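Data first, discussion second: the structure below is written as structure tokens.
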Amino acid sequence: MSGAEPLRQPDACPWAAARRLLPGTREAFARGWEGAAAAERAVSSLLGQAAELLYRSPESCVGPARAVRLLQLGDGLCDYTWEKLNTGPWRAVGRGWRQAYAYGCLLRALGLCAGGGESEGAEEKAARAALRACDLGLLLGAPVLDNVLGRMADVLREHLPRPRAAAAEEPAQKKTRQDAPLVPAVKTEAAIPRLRCPSLEHFRDNYLSPQRPLILEGVVDHWPCMRKWSVDYLHQVAGSRTVPVELGCRYTDEEWTQSLMTVDDFIRQYIKNEFQTQTGYLAQHQLFDQIPELKEDIGIPDYCCLGKEDEDDIAINAWFGPAGTISPLHQDPQQNFLVQVMGQKYIRLYSPEQSEKLYPYEGHILHNTSQVDVEDPDLVKFPKFKATAFQACVLSPGQVLFIPASYWHYVRAMNTSFSVSFWWS
Ligand SMILES: O=C(O)CCC(=O)C(=O)O
């Protein structure tokens, strides 16, 4: 046997590792799609054919024909459900259709892994494409088979080369984009008060109940993200993951759009590329569900226990982008703790009593957003804005801004920045 290639361990290849995550029996595989099958006969027919392929033959028998067939079935299912996912408001899309889409992504991922490739390069390429299929299923589908897509994403990441850490952390942004104006001085009378670790009662009686903004200090210093997170770290942990990003200066601009890209591409194009003139914002509601490794680095601010809902109902959002990303002046219905992890943000707050002077857009979609460009207002068009009182701050790492429910907030990143916000009631 000398000189012979060592035998591969069963899950040394992505296919074996991915296949291992499926339920042991065809019946258990079928149980996961009750919701999806209920959606339409065509779905159950495609899934039935997939089960036949996956459970009919021994695990070790991976033929190119099977890979092609799995891909066809996955594509068929994704294409069929895509239309349903994109018809009407997202809230109205039935869970069955989202489950069916998740199954489609699962089959695609399995097909890509089964196809593998002869060379290491081909295998890596297939694993990357399979990881993308898992991410799409995680983002747009509903969980199936005990979060099989999340578990498969973890396994696939292990089959990708670990990005090497940079020798020393590069300055996240070599220069501030020219279109990012300098930070206006925050006048003392407009400054948001700051407190270091106030008691729960003090916070409740003086800020939460009267709905007054506050900057909390010293309350998240122990969260691992405060010492671990950097552009380099995000590249290592999440680089190969596909996430939704917002492209354009602000979501009210005509040319603003959304796209899907890997975190690596986002970092290369928008964080480290000093010649990029457009801003990109990884503003994501699902990032921490999609990448649990990042969630382990954060906690929930203790003060959220003053709310009425369970911790599981708190919405956690990620905001990662270069200097110059702007969230236009808008209001949200819930209380918000905006935790600054990396970089600094210039923030202005206007109380809900001022709404009339802020000229919200008319109509349903943008009614919570002001038409006024806060740092360069058109006072001819929006004359009342001039007399509107506001509070402001530059939020720095470790600080947590309490934004009361319905408070108007405008946010501009002054440099490469990562914030995490917690919406709670
Ligand atoms: O950080 C930002 O750009 C926006 C944050 C925000 O609007 C929020 O947390 O509600």
Side-chain angles (χ1 to χ4, degrees), residues 172-173 177 179-181 183 192 211 213-216 220 225 229 234 243-253 256 258 266 270-271 278-288 298 300-301 303-304 307 313-352 355 358 360-361 365-370 372-375 390-425:
Q173 189 78 21
R177 299 234 159 77
D179 56 1
V183 181
I192 300 168
Q211 293 284 274
L214 173 71
I215 293 173
L216 294 154
V220 296
C225 61
W229 286 11
L234 295 168
V243 292
V245 296
E246 301 181 352
L247 305 179
C249 190
R250 51 195 101 206
Y251 65 75
T252 43
D253 292 350
W256 182 89
Q258 286 167 300
F266 177 72
Y270 293 96
I271 303 284
Q278 189 188 44
T279 51
Y281 210 4
L282 198 167
Q284 240 260 59
H285 302 309
Q286 282 166 279
L287 189 77
F288 298 107
I298 59 173
I300 304 266
Y303 302 90
C304 288
D313 297 323
I314 297 172
I316 309 178
N317 312 298
W319 308 92
F320 174 44
T325 46
I326 288 174
S327 290
L329 189 62
H330 70 283
Q331 54 179 180
D332 300 306
Q334 289 182 288
Q335 320 284 1
N336 186 352
F337 284 123
L338 184 63
V339 178
Q340 194 60 15
V341 182
M342 283 160 53
Q344 292 165 303
K345 279 179 165 169
Y346 173 68
I347 302 179
R348 278 211 208 171
L349 300 180
Y350 293 81
S351 96
S355 296
L358 302 178
Y361 282 92
I365 296 179
L366 286 177
H367 68 279
N368 70 337
T369 304
S370 164
V372 183
D373 181 349
V374 168
E375 292 191 84
F390 64 86
Q391 288 177 285
C393 70
V394 171
L395 200 68
S396 296
Q399 295 184 323
V400 179
L401 175 61
F402 169 57
I403 308 177
S406 297
Y407 242 80
W408 293 87
H409 45 293
Y410 165 87
V411 185
R412 173 169 57 78
M414 294 163 55
N415 35 43
T416 295
S417 156
F418 201 129
S419 330
V420 181
S421 68
F422 296 81
W423 291 344
W424 57 288
S425 302

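Order of listing sets the numbers, starting from 1, for every ligand and every atom in it. In what follows, residues are counted from 1 in the order of the sequence shown. Computed from a predicted model, the values in this text were never measured in an experiment.
Side chain of Q340 to main chain of G398: no donor-acceptor pair is present (N/O by atom type, distance under 3.5 Å, no hydrogens or angles).
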Step by step, work out the side chain to side chain donor-acceptor pair (under 3.5 Å) result for Q334 and S425. CA-CA 6 Å; Q334 289 182 288; S425 302; 2.9 Å; yes
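Contact annotation: the side chain of W256 approaches that of E246 to within less than 4.5 Å [non-hydrogen atoms, C-beta and beyond].
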Check: every ligand 1 N/O to protein N/O pair under 3.5 Å:
| residue | atom | partner | partner atom | Å |
| --- | --- | --- | --- | --- |
| ligand 1 | 1 (O) | Y281 | OH | 3.3 |
| ligand 1 | 1 (O) | K345 | NZ | 2.8 |
| ligand 1 | 3 (O) | Y281 | OH | 2.6 |
| ligand 1 | 3 (O) | S327 | OG | 2.7 |
| ligand 1 | 7 (O) | H330 | NE2 | 3.1 |
| ligand 1 | 7 (O) | H409 | NE2 | 3.2 |
| ligand 1 | 9 (O) | N336 | ND2 | 2.9 |
| ligand 1 | 9 (O) | S421 | OG | 3.0 |
| ligand 1 | 10 (O) | D332 | OD2 | 3.0 |
| ligand 1 | 10 (O) | N336 | ND2 | 3.2 |
| ligand 1 | 10 (O) | H409 | NE2 | 3.2 |
| ligand 1 | 10 (O) | W423 | NE1 | 3.2 |

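The closest side-chain donor-acceptor pair between Y410 and S370, if any, does not fall under 3.5 angstrom. Side-chain atoms of W408 and S355 include a donor-acceptor pair closer than 3.5 Å.
For Y350 and Y407, the distance between ring centers is not under 6.0 angstrom.
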